[in-house]
Amino acid sequence: MSIKDSFFLERDKTVLVVIDVQEKLCVAMHDDVLKKLVKNIGILLESTAELNIPVLVTEQYVKGLGATLPELKEKAAAASCYEKMAFSSCGSAEFVDALKSTGRTQVIITGMETHVCVLQTVIELREAGFVVHVVKDAVMSRSKQNWQTAVQAMTLAGAVPTCTESVLFQLLKVAGTDEFKKLSKLVR
């Protein structure tokens with residue numbers, strides 16, 4: 001695999017995964033960081049909808065942690081949602097089947113908590129051969145140290161650390177198109 005194949009996202013190879021951004025879990029998060037996370041995941045959800053990129057959403061133990069935040073659920077209305085008990089999203093056979101059925105090989109990861117469910121999902125996806133891009137400004141933990149440690153671990157496992165704007169502009173590829181004009185406004 002070339003460097004470009006690892007580091008450049010291709011819209012026909014990509015799927016967006018939103019991990020466990022749930023109501024009761026969000027209450028435990030730092031408010032300013034949570035607002036940025038929700039904004040950035042929202043940008044990615046709007047962008048993937050416009051670009052016809054599949055989205056998969058997971059929810060950890062809904063009975064205890066509640067559903068996905070309403071503002072994200074609304075933007076991910078067309079997405080499939082998978083409840084899970086395992087921390088890794090790959091612990092859900094339905095999630096794994098849905099991911100494989102997309103035929104996509106590149107996975108954009110967002111969600112929480114970075115050092116638990118996100119980390120375990122990324123390691124299992126890497127083990128399964130997926131190219132994984134972790135959107136650093138769209139994943140979070142209750143503590144910055146846990147977030148930093150998990151990002152380092154995922155990078156060591158071969159995941160590509162990235163940010164919301166990098167993902168957007170890699171998927172767009174060029175300026176001047178109608179898609180560019182519409183979606184670039186999301187990050188201004």
Side-chain angles (χ1 to χ4, degrees), residues 1-21 26 29-58 68-69 71-79 89 102 104-115 117-119 121-122 125-126 130-141 144 146-188:
M1 181 183 309
S2 75
I3 291 174
K4 189 175 174 183
D5 289 339
S6 293
F7 285 87
F8 276 14
L9 292 165
E10 300 290 338
R11 70 172 77 173
D12 62 337
K13 294 180 181 179
T14 302
V15 61
L16 173 66
V17 175
V18 180
I19 300 172
D20 307 345
V21 186
C26 287
M29 300 297 159
H30 188 275
D31 202 42
D32 290 340
V33 180
L34 179 63
K35 285 178 185 171
K36 289 177 187 169
L37 172 106
V38 171
K39 177 185 177 196
N40 289 334
I41 293 175
I43 290 168
L44 293 170
L45 286 168
E46 289 181 48
S47 300
T48 53
E50 179 70 24
L51 300 172
N52 296 313
I53 293 171
V55 177
L56 303 175
V57 176
T58 66
T68 300
L69 286 180
E71 57 264 49
L72 294 181
K73 199 166 204 149
E74 182 181 320
K75 290 181 180 183
S89 299
T102 68
R104 308 292 176 114
T105 57
Q106 297 178 327
V107 184
I108 302 165
I109 295 287
T110 66
M112 61 178 62
E113 283 197 66
T114 312
H115 65 291
C117 298
V118 172
L119 174 63
T121 300
V122 167
L125 290 173
R126 290 291 302 131
F130 288 94
V131 174
V132 178
H133 287 238
V134 177
V135 188
K136 288 176 59 176
D137 59 0
V139 295
M140 73 179 298
S141 294
K144 188 172 184 176
N146 288 346
W147 171 85
Q148 288 172 325
T149 301
V151 169
Q152 284 179 316
M154 291 183 287
T155 303
L156 289 170
V160 177
T162 191
C163 61
T164 300
E165 286 194 36
S166 289
V167 168
L168 175 60
F169 290 112
Q170 281 187 29
L171 294 172
L172 287 170
K173 297 281 187 250
V174 297
T177 65
D178 289 339
E179 290 171 337
F180 172 83
K181 290 172 186 171
K182 182 176 183 178
L183 295 176
S184 64
K185 291 177 185 176
L186 296 173
V187 294
R188 287 189 196 151

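Residue numbers count from 1 along this sequence.
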With a sphere of 6.0 Å drawn around [atom1] of [X], does it hold more than 12 non-hydrogen atoms of other residues, nucleotides or ligands?
| X | atom1 | value |
| --- | --- | --- |
| K173 | NZ | yes |
| Q148 | CD | yes |
| D178 | CG | no |
| F8 | CZ | no |
| I3 | CD1 | no |

Please assess V17 against L125 for the test side-chain contact (heavy atoms from CB on, under 4.5 Å), listing each intermediate value before the final yes or no.
-> CA-CA 11 Å; V17 175; L125 290 173; 5.6 Å; no
Could you tell me whether the side chain of [Y] reaches within less than 4.5 Å of the side chain of [X], counting heavy atoms only?
| X | Y | result |
| --- | --- | --- |
| I41 | K75 | no |
| I19 | T121 | yes |
| L51 | E179 | yes |
| V33 | K144 | no |
| W147 | V139 | yes |

Between R126 (side chain) and A157 (backbone), is there a donor-acceptor pair under 3.5 Å?
->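 Yes: the side chain of R126 pairs with the backbone of A157.
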First locate atom [atom1] of [X], then atom [atom2] of [Y], and finally report the distance between them rounded to the nearest 0.5 Å.
| X | Y | atom1 | atom2 | value |
| --- | --- | --- | --- | --- |
| D137 | K39 | CG | NZ | 9.5 Å |
| R11 | L172 | CZ | CG | 6.5 Å |
| I109 | T114 | CD1 | OG1 | 11.0 Å |
| M29 | M140 | CE | CE | 5.5 Å |
| L9 | S166 | CG | OG | 9.5 Å |
| I43 | T110 | CD1 | OG1 | 12.0 Å |

Would you please test V131 and D5 for side-chain contact (heavy atoms from CB on, under 4.5 Å) and show each step?
-> CA-CA 9 Å; V131 174; D5 289 339; over 6 Å; no
Which is it for H115 and S141 under the side-chain hydrogen bond (donor to acceptor under 3.5 Å, both in side chains) test, yes or no, and what are the steps along the way?
-> CA-CA 7 Å; H115 65 291; S141 294; 2.8 Å; yes
Return the minimal non-hydrogen interatomic distance between [X] and [Y], and the atom names on each side.
| X | Y | value |
| --- | --- | --- |
| M112 | D20 | CG-O, 3.1 Å |
| C163 | V135 | C-CG1, 3.7 Å |
| S47 | L186 | OG-CD1, 3.8 Å |
| M154 | V122 | SD-CG2, 3.5 Å |
| V21 | C26 | CG1-SG, 3.9 Å |
| A76 | V57 | CB-CG2, 4.2 Å |

In plain terms, say whether D31 and K35 are close enough for a salt bridge, that is, a side-chain N and a carboxylate O under 4.0 Å apart.
->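 Answer for the salt bridge query: yes.
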K136: what forms a side chain to side chain donor-acceptor pair (under 3.5 Å) with it, not counting sequence neighbours?
->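 Side chain to side chain donor-acceptor pair (under 3.5 Å) check on K136 returns nothing, list empty.
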Which residues satisfy the side-chain contact (heavy atoms from CB on, under 4.5 Å) test with E71, sequence neighbours excluded?
->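 Partners of E71 by the side-chain contact (heavy atoms from CB on, under 4.5 Å) criterion, ordered by chain and then number, come out as V38, L69.
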Sequence-distant partners of K13, side-chain contact (heavy atoms from CB on, under 4.5 Å), two or more places apart |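 For K13 the side-chain contact (heavy atoms from CB on, under 4.5 Å) partners, ignoring immediate neighbours, are E10, T105, Q106.
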